[in-house]
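Labels below follow one simple rule: chain letters A, B, ... track the order of the sequence lines, proteins then strands, and each chain is numbered from 1.
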There are 4 protein chains.
Amino acid sequence: MNNQKPKYHQIIEAAVKVIAENGYHGSQVSKIAREAGVADGTIYLYFKNKEDILVSVFEQKMGQFVDKIADAIEGKSNVPDKLLKLIEMHFSQLSADYHLAIVTQLELRQSNLSLRLQINQVLKPYLTMIDHIVQEGVDQGEFREGLNIPLVRQMIFGTLDEIVTNWVMKEQKYDLIRMVPEVHAMIIGALVYES
Amino acid sequence: MNNQKPKYHQIIEAAVKVIAENGYHGSQVSKIAREAGVADGTIYLYFKNKEDILVSVFEQKMGQFVDKIADAIEGKSNVPDKLLKLIEMHFSQLSADYHLAIVTQLELRQSNLSLRLQINQVLKPYLTMIDHIVQEGVDQGEFREGLNIPLVRQMIFGTLDEIVTNWVMKEQKYDLIRMVPEVHAMIIGALVYES
Amino acid sequence: MNNQKPKYHQIIEAAVKVIAENGYHGSQVSKIAREAGVADGTIYLYFKNKEDILVSVFEQKMGQFVDKIADAIEGKSNVPDKLLKLIEMHFSQLSADYHLAIVTQLELRQSNLSLRLQINQVLKPYLTMIDHIVQEGVDQGEFREGLNIPLVRQMIFGTLDEIVTNWVMKEQKYDLIRMVPEVHAMIIGALVYES
Amino acid sequence: MNNQKPKYHQIIEAAVKVIAENGYHGSQVSKIAREAGVADGTIYLYFKNKEDILVSVFEQKMGQFVDKIADAIEGKSNVPDKLLKLIEMHFSQLSADYHLAIVTQLELRQSNLSLRLQINQVLKPYLTMIDHIVQEGVDQGEFREGLNIPLVRQMIFGTLDEIVTNWVMKEQKYDLIRMVPEVHAMIIGALVYES
DNA sequence: GATGAATGAGGCTTCATTCAT
DNA sequence: AATGAATGAAGCCTCATTCAT
């Protein structure tokens, strides 16, 4: 797939819009083609099949999502600050892109298992990033010893994901970014507190 | 819907089995009917349509799930113990029912939005139960003041849900119940610790 | 496939008519369904897929074709008479069924190789019948010794088939049955004459 | 159509190879173009459409086929020798060109009726040649009087064609040329013998 | 109540052909 | 003359739901 070509991105953007507006099952290839301003057949010059469009949407969008978080964190030396930035970036990016939030939190989850497994692969760098931050916190003595890293990561990701999903389902009627400090406080507590 | 009749429950059980074994998209009404030992048309004497079967599966199964947790918690006076019991029950029930875990964590999420909204309604009592426990903890001074209850609940539910989903996706290759103390410790920390 | 059911035969007959009138590539499943007076989906209660319809058409029609020839020959003790009857039956049956002749001689040959191989299987009993007659003629001293039976059968079948095809292509403008004695004479000559 | 240009023949040869290797329905224009080393659009500078490629393949290849047979026969004065040579040339040429045999005996027959009618036109000189030889044999008293020439020709062509097709279908596992004398003997018998 | 044969709408994908460069 | 990216029509099959028995 040549992802320099403008049509490739045209189709990706069209797919996000169409899926957000029509739902996963209401997004026929012909509808995406029409939104992208190309013929149905043109889709298949850039994507193997319909599933490939969806995986590519996720790859492109989540790739950027993860990269931006990674960039933002790089500047921070302090582990709690890294976590704060991560939460903030996670929430702010999805807050800023209405369509993308709907697609990632609601629509793409209706895909079949095979697609969901591919989506998980795309998320892996993000999950690994979380692992590294937590490990760093443990190494620096910021977090308590003996933390089960994968379990911690599941807690962090599960928390952020559930909060965003709730916000999307409530039709974004409140400000997601205002939640950042409270979420950060909870996560820090979970990692620091020893009973 | 007559839910006293034996066929009603036959069909529910058949649906869980068929969905767990064939996946959401591989679960045709005719397959559920065959597994239940009834004719296709009979399904429609007990359920309005296919979606109604799936909602009912969730209602029945999650109804029991929530009731059992509520019962188990009733005996506890101590709030952290209630949370411990809740986590333990959440994990142990899904550990014990292989089919149900697959269906709730993976397959039913592929349903369309309308079904997912109905499923959320079924979960509401569980979420409310979590809200009450957290509120009780705050009132008793166990947890810190000023907690945003819905946010806390999203953290707790998101954490538990993500952990179970990971365990199902990893084909249950490890013991979920062994995770309970660590998860409990993290959640308590999140609710107690003040920076 | 339940081939007692009336719809099964309704669809077979419809297929012959539609293929004869629209050609192999102009015979959409929906057209066959309409001609048979059933819904498109009903086709798939009786046939696995479109190819299965075509194979079944051939099986049914050529099955009868071969059976009738076999019956007609049974009464004959004389080998040249058997051949005469075989030629006569071959020509008269296809003469009598306008649609069938078009379908077997022209349209079904446009099918893909896999279908053609299946069609060959259906023809096998007919070819074997020819082999037996020729062998009998050799055994009884009617035909010369040393005949290569498969080769003789290919000559006989190739001759009859080509003659019928020419007749169909010429839009049946002459009487095929009138050719029988001449064809018979040639075939007998081929098998008897020693240079 | 410019048939002097090298690309014209490049495309013809590519078509034979692609059809032999991929089958009629697996031979897309783009595949033929790739094999010929030209762009898809270039095909349409030399051929009106896809059907025109296939007709041209047949014209070129069968033109040579027929010419070579005509040349070989010219030297013979004896009619049975002419027939012997014709059979020998028919078999030897197809034996010698593996791809061509598959294309003419199996693949091109899957084409639609309109193409098959055009192919018949290409074969006409060959059929006429057979007619002339048979007529000559009758005139010279070698063959019996009263032969129906078109019918005889159909017998001869049908026999040769069926034998070659069987040989191709059996994946050329035996020597086709070894069959020549037996085939010749049968055909002579058919034309000479009087009951 | 129970059956199950029949229905028919709906969408992904291929590929011959065109045409701007 | 040559290219190859773009076009868009066309059809097989699935499966939730109905309804005559």
Rounding to an integer number of Å, can you tell me how far C/R34 CZ sits from E/dT7 P?
14 Å
Output the single nucleotide from F/dA1, F/dT3, E/dA5 whose closest atom is nearest the side chain of C/Y46.
E/dA5
Using the side-chain heavy atoms of B/K50, tell me which of these nucleotides is nearest: E/dA5, F/dT17, E/dT13.
F/dT17
Restricting to side chain to side chain contact (heavy atoms under 4.5 Å, CB included), what partner residues turn up for B/E13, sequence neighbours left out?
B/K61
When the distance from CG of A/L45 to C1' of F/dA6 is rounded to whole Å, what number comes out?
7 Å
List in numerical order all residues of residues 17-32 of chain C for which some heavy atom is under 4.0 Å away from an atom belonging to DNA chain F.
C/Q28, C/V29
Is there side-chain contact between A/I32 and A/Q28, with heavy atoms separated by less than 4.5 Å?
no
B/I53 CD1 to F/dA16 P, straight-line distance once rounded to whole Å
9 Å
Is the backbone of D/G26 close enough, under 3.5 Å, to the side chain of D/K31 for a donor and an acceptor to pair up by distance?
yes
Pairing partner of F/dT14, by Watson-Crick or G-U wobble and under 3.5 Å for both distances, is E/dA9
Distance check needed: E/dC12 C1' versus A/L54 CG, whole Å only.
13 Å
Between C1' on E/dT17 and CG on D/D52, what's the gap in Å once rounded to a whole number?
14 Å
In whole angstroms, how far is the C1' atom of F/dA2 from the CD atom of D/Q10?
13 Å
I'd like to know if D/R109 and D/D161 make a salt bridge, using a cut-off of under 4.0 Å between side-chain N and carboxylate O.
yes
Under a 3.5 Å limit for both distances, which nucleotide forms a Watson-Crick or G-U wobble pair with F/dG8, could you say?
E/dC15
A/T104 side chain to A/L100 backbone, donor-acceptor under 3.5 Å:
yes
Which protein N or O atoms sit under 3.5 Å from an N or O of nucleotides 18-21 of chain E?
none

Assign each of C/T42 and A/I43 the nucleotide of DNA chain F bearing its closest heavy atom; nearer the 5' end lies the nucleotide of A/I43
Taking B/R34 for its side chain and B/A39 for its backbone only, find out whether a donor-acceptor pair lies under 3.5 Å.
no
Looking at C/K7, does any N or O in its side chain come under 4.0 Å of the phosphate oxygens OP1/OP2 on E/dA6?
yes
Opposite nucleotide pairing with F/dA20, Watson-Crick or G-U, both atom distances under 3.5 Å
E/dT3
Residue pair B/V38/A/E51 against DNA chain E: nearer the 5' end by closest nucleotide is B/V38
Could you check whether C/Q118 and C/E51, counting side-chain N and O atoms only, form a donor-acceptor pair closer than 3.5 Å?
yes
Any donor-acceptor N/O pair, B/E107 side chain to B/Y24 backbone, under 3.5 Å
yes
Tell me whether C/K50 contacts the main-chain N or O of C/S27 through its side chain, where contact means a donor paired with an acceptor under 3.5 Å.
yes
